[in-house]
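Just so you know, these numbers come straight off a predicted model, no measurement behind them.
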Amino acid sequence: MLDQSGQSLAATSTVLAPEARTSMFVTQHFAGAITSDFKGAVLIEAVNGRFAVVALELGAQPGQFTTLPVSAVR
């Protein structure tokens, strides 16, 4: 979890078995981190293999959802 200047705010890791899937909110993955006014980036790295990520942002109004751009890491 990086702030707007690229400084690390929190770090954690999750080990998944091959072909495994997981789903969690940023607040679940970075338990204890202050995320209420978070502005920055979440960096995801795979040690072995590949991964896919889908991110949704809750909109300004209840019930709104907005997809966020996802960039491929090569």
N/O donor-acceptor pairs under 3.5 Å from side chains in residues 24-33, not counting sequence neighbours:
| residue | atom | partner | partner atom | Å |
| --- | --- | --- | --- | --- |
| Gln28 | OE1 | Phe25 | N | 2.6 |
| His29 | ND1 | Thr14 | OG1 | 3.4 |

### Side-chain touch Thr22/Leu16, heavy atoms, less than 4.5 angstrom
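With C-beta onward as the side chain, the pair touches.
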### Query
In chain order, what residues pass the side-chain hydrogen bond (donor to acceptor under 3.5 Å, both in side chains) check against Ser5, with sequence neighbours excluded?
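Only Asp3 meet the side-chain hydrogen bond (donor to acceptor under 3.5 Å, both in side chains) criterion with Ser5.
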